[in-house]
Amino acid sequence: MELAVTGGRVLLPDLTVERADVLVDADEGVVRAVGQDLAGDEELDASGGLVMPGLVNAHTHVAMTLLRGYADDKPLDAWLQEDIWPAEGELTPEDVRVGAELGMLEMIKSGTTAFADMYFHVPEIVDAVADAGLRARLGHGVVTIAKEAETAHDDAEESIAVAREFDGAADGRVSTAFMPHSLTTVGSDFLDEYVPQAREAGVPVHIHANETADEVDPIVEEHGMRPLEYAREHGLLEPEDFVAHGVHTTPEEHELLAETGAGVVHCPASNMKLASGMAPVQVMHDAGVSVGLGTDGAASNNDLSLFDEMRDAAMLGKLAADDASAVPAEAAVEMATQGGAEVTGLPGGRIEPGAAADLVVVDLDAPHLTPGHDLVSHLAYAVTGSDVRHTLCDGAVLMRDREVLTMDEDAVLERAERAAADLVQRV
Ligand SMILES: N[C@@H](CCSC[C@H]1O[C@@H](n2cnc3c(=O)[nH]cnc32)[C@H](O)[C@@H]1O)C(=O)O
Ligand SMILES: [Zn+2]
């Protein structure tokens with residue numbers, strides 16, 4: 001079946017905008033053509049809209065939607081230890097399923113078609129991705145500090161097992177990674193033991209790194225090197241690997257990232273909310289580092305909209321560089337599309353023949369998007385998630401005219417409300 005997305009304008013990979021139709025091969029899940037007057041077996045109306053690549057949320061913990069607004073206004077360490085980890089200790093597989101569905105509903109409704117996720121009870125998340133129709137790189141987050149050796153090993157084994165088992169699931173829309181939680185919550189002996197297993201399984205490694213000053217200093221003190229140098233020493237930073245945050249990073253670390261090809265996921269909202277710091281995004285770009293954008297979990301954001309994240313990235317990037325020309329709109333849009341696809345190794349991020357048919361249509365016919373001098377500027381600074389009219393992933397229509405077709409929206413909200421209330425009772 002061929003689907004023609006007609007009557008709109010299209011954001012091309014070079015970030016120019018052209019009046020064109022997009023022909024999608026729904027069976028193969030690829031874009032066949034971009035051009036004038038294309039016809040398919042079915043049509044999707046994009047008139048008055050901009051057809052753009054589906055957004056890539058390159059770092060999140062999707063089931064944390066259940067903890068949205070549960071614990072705010074604290075720094076990372078206290079937030080995790082006092083509130084989040086105790087609550088997460090009570091999450092059942094069913095809770096994770098419900099939270100993941102809520103997050104995916106939110107993503108589909110705000111134009112995200114692919115995401116990278118670190119969490120636990122991953123089989124539930126795989127099933128939710130399969131049903132929702134999205135694309136994802138999933139992994140089990142490992143923590144080894146303050147655990148008995150056996151429990152810590154079990155956690156790491158589970159991460160490797162999950163990565164092996166589910167790579168290629170959901171008709172190839174799910175891929176996986178080995179996901180040690182962070183350079184300070186996983187011991188180096190565990191990295192040394194399990195990273196080679198990830199290589200053997202052919203999956204990348206995704207980890208939190210250099211998020212706060214508090215997690216940089218102990219590594220420098222104990223090992224006499226910067227965290228990313230330490231990461232490299234322990235087998236990380238292969239080209240397919242990607243680290244979340246990279247807030248407190250030095251020029252030497254940027255050089256290391258650029259040389260190795262490992263990517264960074266910038267999470268500006270989470271970094272602002274937890275007061276973690278300002279990532280030197282413009283400096284990283286100038287150094288040739290691949291950068292994607294992530295929301296991080298909904299408990300530190302508090303939403304999963306990449307449109308908000310683009311705006312935050314552009315705004316914070318200017319403040320960090322003390323330069324209004326830093327992280328321009330184009331850079332924000334690039335990070336949320338091609339950049340995220342590159343960093344996570346997921347298809348998508350570009351609309352061109354042969355590319356994955358992961359795309360969204362944004363309604364431009366609105367007061368806050370008038371006049372239309374520069375649509376890339378609008379995407380970075382003025383569009384919000386609720387402006388998304390249609391969402392397609394892998395050639396399938398997931399949302400048409402704001403109606404999500406792959407999920408029962410009311411049922412998802414009701415289940416989430418109930419699961420969250422029960423959870424808070426138990427904690
Ligand atoms: N298996 C681990 C869980 C790791 S999943 C990934 C974890 O990252 C946590 N997380 C969420 N946001 C952040 C962040 O900004 N920095 C570090 N960790 C985070 C999240 O709450 C979740 O516990 C365990 O048993 O504790
Ligand atoms: Zn995170």
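Counting convention: from 1, in listed order, for ligands and their atoms alike.
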Contact region, His121 to ligand 1, non-hydrogen atoms below 4.0 Å, reads neither
Could I get the full list of ring-ring contact (aromatic ring centres under 6.0 Å, His included) partners for His245, not counting sequence neighbours?
His59, His208
Which residues share a salt bridge (charged side-chain N to carboxylate O under 4.0 Å, His left out) with Arg97, sequence neighbours left out:
Glu101, Asp131
Any N/O of Glu88 closer than 3.5 Å to an N/O of ligand 1?
yes
Show your reasoning for whether salt bridge (charged side-chain N to carboxylate O under 4.0 Å, His left out) applies to Lys273 and Asp72.
CA-CA 8 Å; Lys273 185 163 186 265; Asp72 297 317; 2.7 Å; yes
Using a plain distance cutoff, I'd like to know if Asp296 has any nitrogen or oxygen under 3.5 Å from a nitrogen or oxygen of ligand 1.
yes
Might you work through the side-chain hydrogen bond (donor to acceptor under 3.5 Å, both in side chains) test for Asp95 and Thr92, ending with a clear yes or no?
CA-CA 5 Å; Asp95 289 332; Thr92 65; 3.2 Å; yes
Nearest-neighbour protein heavy atom for atom 26 (O) of ligand 1, which is reported as residue plus atom name and distance:
Val143 CG2, 3.8 Å
Quick one: does Met179 get a heavy atom under 4.0 Å from ligand 1?
no
Under 3.5 Å between some N or O of ligand 1 and some N or O of Trp79?
no
Residues in salt bridge (charged side-chain N to carboxylate O under 4.0 Å, His left out) contact with Asp25, at least two apart in sequence or another chain
Arg32
Tell me, which protein residue and heavy-atom name are nearest atom 9 (C) of ligand 1, and how many Å apart are they?
His181 NE2, 3.8 Å
Considering only heavy atoms of His245, which atoms of ligand 1 have at least one such atom less than 4.0 Å away?
15 (O)
To check your reading of the model: name the closest protein heavy atom to atom 10 (N) of ligand 1, its residue, and the distance in Å.
His61 NE2, 3.6 Å
Just to confirm my output: which protein heavy-atom neighbour is closest to atom 14 (C) of ligand 1, and how far is it?
Glu211 OE2, 3.3 Å
Stepwise salt bridge (charged side-chain N to carboxylate O under 4.0 Å, His left out) check, Arg232 with Glu259
CA-CA 11 Å; Arg232 186 72 186 138; Glu259 263 171 33; over 6 Å; no
Answer yes when Glu240 and Arg199 have at least one side-chain N-carboxylate O distance shorter than 4.0 Å, and no when they do not.
yes
To which protein heavy atom is atom 25 (O) of ligand 1 closest, and what is the distance rounded to 0.1 Å?
Lys147 NZ, 3.6 Å
Any luck finding a side-chain donor-acceptor pair between Tyr381 and His368 under 3.5 Å?
no
Close-contact set for ligand 1 against Gly141 heavy atoms, below 4.0 Å
1 (N), 2 (C), 3 (C), 4 (C), 5 (S)
Among non-hydrogen protein atoms, atom 6 (C) of ligand 1 lies closest to Met118 SD, 3.6 Å
Closer than 4.0 angstrom: is that true for some heavy atom of His59 and an atom of ligand 1?
no
Per the side chain to side chain donor-acceptor pair (under 3.5 Å) rule, which among Thr344, Thr295, Thr113, Asp296 passes with Asn57?
Thr295
At a cut-off of 2.8 Å, protein N/O/S around the Zn ion (ligand 2) gives His59 NE2, His61 NE2, His208 NE2, Asp296 OD1
